[in-house]
> 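One structure follows; several queries about it will come next.
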Number of protein chains: 2
Amino acid sequence: MLKLTKKVDYALLAMHFMGHQDMDQVSTIRDISENYQIPMEILAKVLQKLSKKGLLQSHHAPKGGYTLKRPIREISILEVINAVEGPIGILSCSEGQDKVCQQIENCDIRSPLERIQGKILWLLENMSLEELSQAVPTTGGVIHGSFDLLGQPRYH
Amino acid sequence: MLKLTKKVDYALLAMHFMGHQDMDQVSTIRDISENYQIPMEILAKVLQKLSKKGLLQSHHAPKGGYTLKRPIREISILEVINAVEGPIGILSCSEGQDKVCQQIENCDIRSPLERIQGKILWLLENMSLEELSQAVPTTGGVIHGSFDLLGQPRYH
DNA sequence: TGATAACAGACCAAAATGGTCTGCGATTAC
DNA sequence: GTAATCGCAGACCATTTTGGTCTGTTATCA
Ligand code: SF4
Ligand code: SF4
């Protein structure tokens with residue numbers, strides 16, 4: 001539970017991969033699939049969804065492939081997740097969930113749980129794909145006195 | 001994906017329920033199950049796990065039942081989740097996941113994703129069961145100039 | 001015009017989830 | 001002492017989600 005699906009993983013890898021190329025250079029499914037050892041067919045589906053949601057531009061021809069429609073710094077993790085998995089929520093009673101929770105009539109913890117959900121979504125929305133390139137230094141590199149929104153130290 | 005399981009939902013409801021009783025007053029599975037319309041058998045299992053993990057004390061007799069071992073303000077949401085679902089992680093490559101990720105050799109986004117995971121766990125660890133009782137006011141109540149760690153306003 | 005690349009969707013196996021059923025063990029009220 | 005009341009334990013099962021395969025079609029251009 002509370003786990004990212006493989007499809008999301010693949011999507012993030014693919015987007016990250018393309019982010020490290022010139023904006024106009026195309027990447028094929030084969031390129032990405034070989035680079036990360038991802039089954040081609042399933043990666044194909046994932047990229048299709050990303051392109052339908054306007055995150056990627058597909059070039060439908062020989063020597064074709066995919067290009068990013070926007071620079072990765074303008075794309076959030078949440079956008080990618082939503083593109084491949086649809087609207088998400090940590091609760092069975094969240095907006096867009098088809099099944100209705102049996103406890104919803106008697107539940108008295110819904111609103112606080114929705115607050116947690118909001119925070120998690122906020123987190124994913126405010127992290128861009130660009131940050132996937134920033135490794136956390138294991139030693140040194142801390143910007144003294146500077147903390148992010150979770151109270152954790154910033155790095156150079 | 002990224003959804004809390006029903007068992008966790010039940011656990012949180014149950015813990016919340018007991019938190020609203022005197023520490024020494026026992027609650028039976030039947031009490032809780034009727035209050036929230038939860039199937040008795042499955043709630044039983046959940047409470048067993050909570051008791052094995054030391055969050056609940058079971059009283060094994062007629063007029064018996066469960067009591068909290070600690071006040072709810074000293075129990076985090078994460079503790080409850082870990083008790084009923086085991087160690088969690090949003091990644092397939094997280095500690096304690098049995099299956100190994102096929103991409104782990106070529107993955108170049110692991111460390112940033114682990115940072116997200118860390119933030120989410122931090123969030124759950126630093127929210128106590130007590131906060132499940134605090135509804136967010138829809139209007140008014142904001143403490144001016146006071147924000148929590150996610151930059152959201154605090155309430156009275 | 002055919003090789004190349006994306007598109008589309010049916011199909012399937014394995015795993016996770018949510019739930020049921022059946023019987024046992026401890027305690028204590030009577 | 002024993003029967004009623006409670007939790008304990010685990011096998012079992014149906015449904016949903018997931019991860020993946022297979023087969024074929026369509027658009028483009030060298
Ligand atoms: S139990 Fe409450 S919070 Fe959980 S899904 Fe049902 S309504 Fe939402
Ligand atoms: S792809 Fe990278 S981050 Fe995702 S599970 Fe595999 S190793 Fe971990």
Side-chain angles (χ1 to χ4, degrees), chain A residues 1-11 13-14 18 25-34 36-53 56-67 81 84-86 88-92 97-103, chain B residues 1-11 13-14 18 25-34 36-53 56-67 81 84-86 88-92 97-103:
Chain A
M1 57 149 301
L2 216 60
K3 211 163 61 184
L4 258 42
T5 62
K6 234 50 192 103
K7 285 182 190 174
V8 169
D9 237 4
Y10 296 157
L13 284 169
M18 295 197 234
Q25 179 175 356
V26 299
S27 313
T28 69
I29 294 174
R30 167 164 275 113
D31 291 341
I32 303 171
S33 141
E34 280 178 357
Y36 293 117
Q37 306 292 341
I38 301 170
M40 275 189 55
E41 298 89 343
I42 192 167
L43 180 63
K45 286 218 199 321
V46 169
L47 296 192
Q48 278 166 36
K49 285 187 181 175
L50 291 172
S51 122
K52 255 190 264 187
K53 293 285 180 175
L56 293 180
Q57 179 63 267
S58 72
H59 189 55
H60 206 187
K63 301 290 169 189
Y66 289 96
T67 53
I81 295 179
V84 307
E85 297 287 348
I88 62 167
I90 66 167
L91 303 174
S92 315
Q97 307 287 325
D98 35 350
K99 294 272 174 173
V100 248
C101 168
Q102 215 63 38
Q103 282 71 43
Chain B
M1 57 150 299
L2 216 62
K3 212 163 62 183
L4 259 41
T5 61
K6 239 33 200 121
K7 285 182 190 174
V8 169
D9 237 5
Y10 296 157
L13 284 169
M18 294 196 233
Q25 179 175 354
V26 299
S27 312
T28 69
I29 294 173
R30 167 164 275 112
D31 290 342
I32 303 171
S33 140
E34 279 177 357
Y36 294 115
Q37 305 291 341
I38 300 172
M40 274 188 57
E41 297 90 342
I42 192 167
L43 180 63
K45 287 219 198 318
V46 169
L47 296 190
Q48 277 166 37
K49 286 187 180 175
L50 290 171
S51 120
K52 254 190 264 186
K53 293 285 180 174
L56 293 180
Q57 179 64 348
S58 72
H59 191 54
H60 205 186
K63 301 286 169 195
Y66 290 98
T67 52
I81 295 179
V84 308
E85 297 286 349
I88 61 167
I90 66 167
L91 303 174
S92 315
Q97 308 288 324
D98 34 350
K99 293 274 176 173
V100 249
C101 169
Q102 214 63 38
Q103 283 70 44

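A, B, ... follow the sequence lines: proteins, then strands. Residue 1 opens every chain. Just so it is clear, the values below take in all heavy atoms, side chains as well, and ignore hydrogens, waters and symmetry mates.
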> Provide a list of protein-nucleic acid N or O atom pairs under 3.5 angstrom, restricted to nucleotides 12-15 of chain C.
from, atom 1, to, atom 2, distance (Å)
C/dA15, OP1, B/Lys99, NZ, 3.4

> Which atoms of nucleotides 26-30 of chain C (N or O only) lie under 3.5 Å from a protein N or O atom, and what are those distances?
from, atom 1, to, atom 2, distance (Å)
C/dA26, O4', B/His60, ND1, 3.4
C/dT27, O4', B/His60, O, 3.0

> Touch check for A/Lys49, heavy atoms < 4.0 angstrom, all strands: base, sugar-phosphate only, or nothing?
nothing
> Looking at D/dA9, D/dG19, D/dT21, which one has an atom nearest to any side-chain atom of A/Thr5?
D/dG19
> Would you say a side-chain N or O of A/Tyr10 is under 4.0 Å from OP1 or OP2 of D/dT18?
no
> Is there a donor on the side chain of A/Lys45 or the base of D/dG20 sitting less than 3.5 Å from an acceptor on the other?
no
> Between C/dG19, D/dT18, D/dC8, spot the one nearest the side chain of B/Met1, thanks.
D/dT18
> Donor-acceptor pair, B/Gln102 side chain versus A/Ile38 backbone, under 3.5 Å?
no
> Indicate the atoms forming the closest heavy-atom contact of A/Gln37 with B/Gln103, along with that distance.
O-NE2, 3.0 Å
> Map A/Thr28 and B/Met40 onto DNA chain C by nearest heavy atom, then report which one ends up closer to the 5' terminus.
A/Thr28
> Can you tell me if the side-chain N/O atoms of A/Tyr66 get under 4.0 Å from OP1 or OP2 in C/dC7?
yes
> Could you pull out all residues at least two apart from B/Gln48 that satisfy side chain to side chain donor-acceptor pair (under 3.5 Å)?
none
> Where the side chain of A/Gln48 is defined as all heavy atoms beyond and including C-beta, which of D/dC8, C/dC7, C/dT20 is the nearest nucleotide?
C/dC7
